[in-house]
Amino acid sequence: MPASVAASALAVPHSRIRELAEIAMSMDGVLKLYFGESSVPTPDYIKRAAQKAMADGFTFYTENAGLPSLRRGLARYYKEQHNVELDPAAEIIVTASGVQALNLAIRCLLDPGDEALVLTPAWPNGSANVRLSNATPIEVAQPLIGDRYGIDFAALEAALTPRTRMLLYTSPSNPLGWVATVEEQQKLLDFARAHDLWLMADEVYERLNFSGPKVLTPAPSILKLATRDDAVIVIQSFSKAWCMTGWRLGWLVGRRDLVDRATRLNEFVVSHATSFSQKAAETVLLWGENVLCEMLVKLRENRDFCLAALAKMPGVTVPKPEGAFYLFPKFARAADSFEFCKKLLLDAQVGLAPGVAFGNGGEGSVRICYAADRPILEEAMARLSLFLK
Ligand SMILES: Cc1ncc(COP(=O)(O)O)c(C=O)c1O
């Protein structure tokens, strides 16, 4: 038999967002709203903290779970933001990004042949990581009920098999902008407890929350409801709230046995996150709130501007997102969302992400990332409106 690539690697589908982005990158003048990142560069105080960390000698290996001082900072952050007590030595791992936290956690939970329930439409990396573990993602679509997304517990129940090991959900959601209420989280936790599943919450957008009483109120965290003995894991990242996508820095919170195992496995994956990035992140946790507040005010304005513009276009249904920085409108003309986005890109040079990329329930919609500069959004909405006419 000739040498071949592993079937598990071949089973992971190509990202359809990338497929579109690759066409866009070969073109000039494209308004790029397809990727999930803010156009705001990392704030200067964070860059300065990284320069200082390098000058101070944070250029060596660190612990597999990350610098103890950063983990203590994260524990303090949970106390301040959610009034949740965490043991920094046993319940937190610093990771080299949110996606690495996802990968590490999934590796620790799934054996080949296992199944993972995934609430969709969702960022495709969750299902892809399940496949990378030789397991099967079972995507259960979140229904739009009135003007808000919900959770179809009957469908979740029906999707259970003896191989189901975990349930992954994302709140605030990419791409829906849905933010799970405390009641919805309680039901997810009850469901997981009743069926002996791990409950994995991707909370990387928790600070981009428009459903709270104050601008800086984070989205509710599952850690507030769960006990530290529950089979619960939270995936987190510095990427979104602090404009640090290129830094590759995240974290994971989980039950002690999982954290212990994941810490050991991390040695064989990346060993640990970059040492000077970790040191700089301690500064983010101490001084990040003011800059974040300014960004949230602008994001909310961007969201409202785009919602108003979309409302005037023909054949569009768009629920008001409660968090993250995406809109997920359904277009009557986007029954094949990839073809719709491709034509929009080629004819009007507007780059959006096709809904089909987000799994079950995504087809027919497109994702617009509104964390862009206002003039770009204004031009994109004008071109989209013309295109639809
Ligand atoms: C839902 C969700 N989770 C996790 C991530 C991972 O972020 P990062 O790997 O940059 O930390 C992203 C990035 O787009 C995301 O949208």
Side-chain angles (χ1 to χ4, degrees), residues 15-18 20-21 32-42 46 66 70 74 92-106 116 118-130 132 137 139 142 149 166-180 200-209 218-219 221-222 233-253 266 269-270 272-274 277-278 280-281 284 288 299 321-328 352-353 355 357-359 361-362 367-372:
S15 159
R16 303 226 67 197
I17 309 175
R18 269 279 160 198
L20 201 108
K32 296 174 183 146
L33 305 180
Y34 41 71
F35 282 149
E37 73 183 339
S38 157
S39 59
V40 179
T42 306
I46 309 177
L70 176 55
L74 286 165
I92 303 174
I93 306 178
V94 177
T95 58
S97 76
V99 67
Q100 203 244 316
L102 196 65
N103 178 273
L104 193 61
I106 289 175
V118 181
L119 288 192
T120 56
W123 186 57
N125 294 33
S127 288
N129 268 294
V130 169
L132 273 176
E139 297 184 345
Q142 291 192 242
Y149 284 92
M166 60 172 270
L167 165 57
L168 168 64
Y169 75 98
T170 309
S171 170
S173 155
N174 169 9
L176 302 178
W178 166 77
V179 177
M200 193 180 292
D202 183 333
E203 299 186 349
V204 310
Y205 294 96
E206 79 159 0
R207 300 310 303 274
L208 312 186
N209 172 38
S221 172
I222 192 70
I233 298 166
V234 165
I235 305 299
Q236 262 289 10
S237 172
F238 286 92
S239 284
K240 310 291 175 176
W242 294 286
C243 308
M244 293 171 69
T245 46
W247 293 58
R248 316 313 297 135
L249 198 62
W251 73 91
L252 181 161
V253 178
N266 212 22
V269 189
V270 287
H272 60 78
T274 309
S277 299
Q278 292 189 53
V284 174
L299 280 179
E322 300 152 334
F325 43 42
Y326 307 104
L327 289 155
F328 201 59
L352 305 182
F358 301 93
R367 188 190 71 179
I368 302 172
C369 174
Y370 60 78

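Below, all heavy atoms of this structure are taken into account, side chains as well, without hydrogens, waters or symmetry copies. As the structure lists them, so they are numbered: ligands from 1, and atoms in each ligand from 1. We count residues from 1, following the sequence as given.
- Considering backbone and side-chain N/O of G36, none are found under 3.5 Å from N/O of ligand 1.
- Shown in contact with Y205 at under 4.0 Å from a heavy atom are these atoms of ligand 1, numbered in order with element: 1 (C), 2 (C), 14 (O), 15 (C), 16 (O).
- Look at K240 and you'll find a heavy atom under 4.0 Å from some atom of ligand 1.
- The side-chain heavy atoms of Q278 and L249, taken from C-beta on, include a pair separated by under 4.5 Å.
- Looking only at protein heavy atoms, the nearest one to atom 6 (C) of ligand 1 is W123 CH2, 3.4 Å.
- The shortest N or O to N or O distance between G98 and ligand 1 is below 3.5 Å.
- Here the straight-line distance linking atom CD1 of I233 with atom CG of L102 works out to 9.5 Å at 0.5 Å rounding.
- Residue S97 has at least one heavy-atom neighbour below 4.0 Å for each of these atoms of ligand 1: 9 (O), 11 (O).
- Against a heavy-atom cut-off of under 4.0 Å, S239 is close to the following atoms of ligand 1: 8 (P), 10 (O), 11 (O).
- A donor and an acceptor atom, one from each side chain of T42 and W247, are located under 3.5 Å apart.
- Every atom of ligand 1 is numbered from 1 in the order shown, and the set under 4.0 Å from a heavy atom of T170 is 1 (C).
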- [ ] Evaluate the criterion side-chain contact (heavy atoms from CB on, under 4.5 Å) for residue pair F358 and T120; output intermediate values, then yes/no.
- [x] CA-CA 7 Å; F358 301 93; T120 56; over 6 Å; no
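- Under the side chain to side chain contact (heavy atoms under 4.5 Å, CB included) test applied with Y205, the options P172, S173, S239, S171 reduce to a single match, P172.
- Against a heavy-atom cut-off of under 4.0 Å, R248 is close to the following atoms of ligand 1: 8 (P), 9 (O), 10 (O).
- The shortest contact between atom 3 (N) of ligand 1 and any protein heavy atom is with D202 OD2, 2.6 Å.
- The closest side-chain heavy-atom distance from F35 to R18 is below 4.5 Å.
- The only option from R367, E322, Q142 that meets the side chain to side chain contact (heavy atoms under 4.5 Å, CB included) definition with L176 turns out to be Q142.
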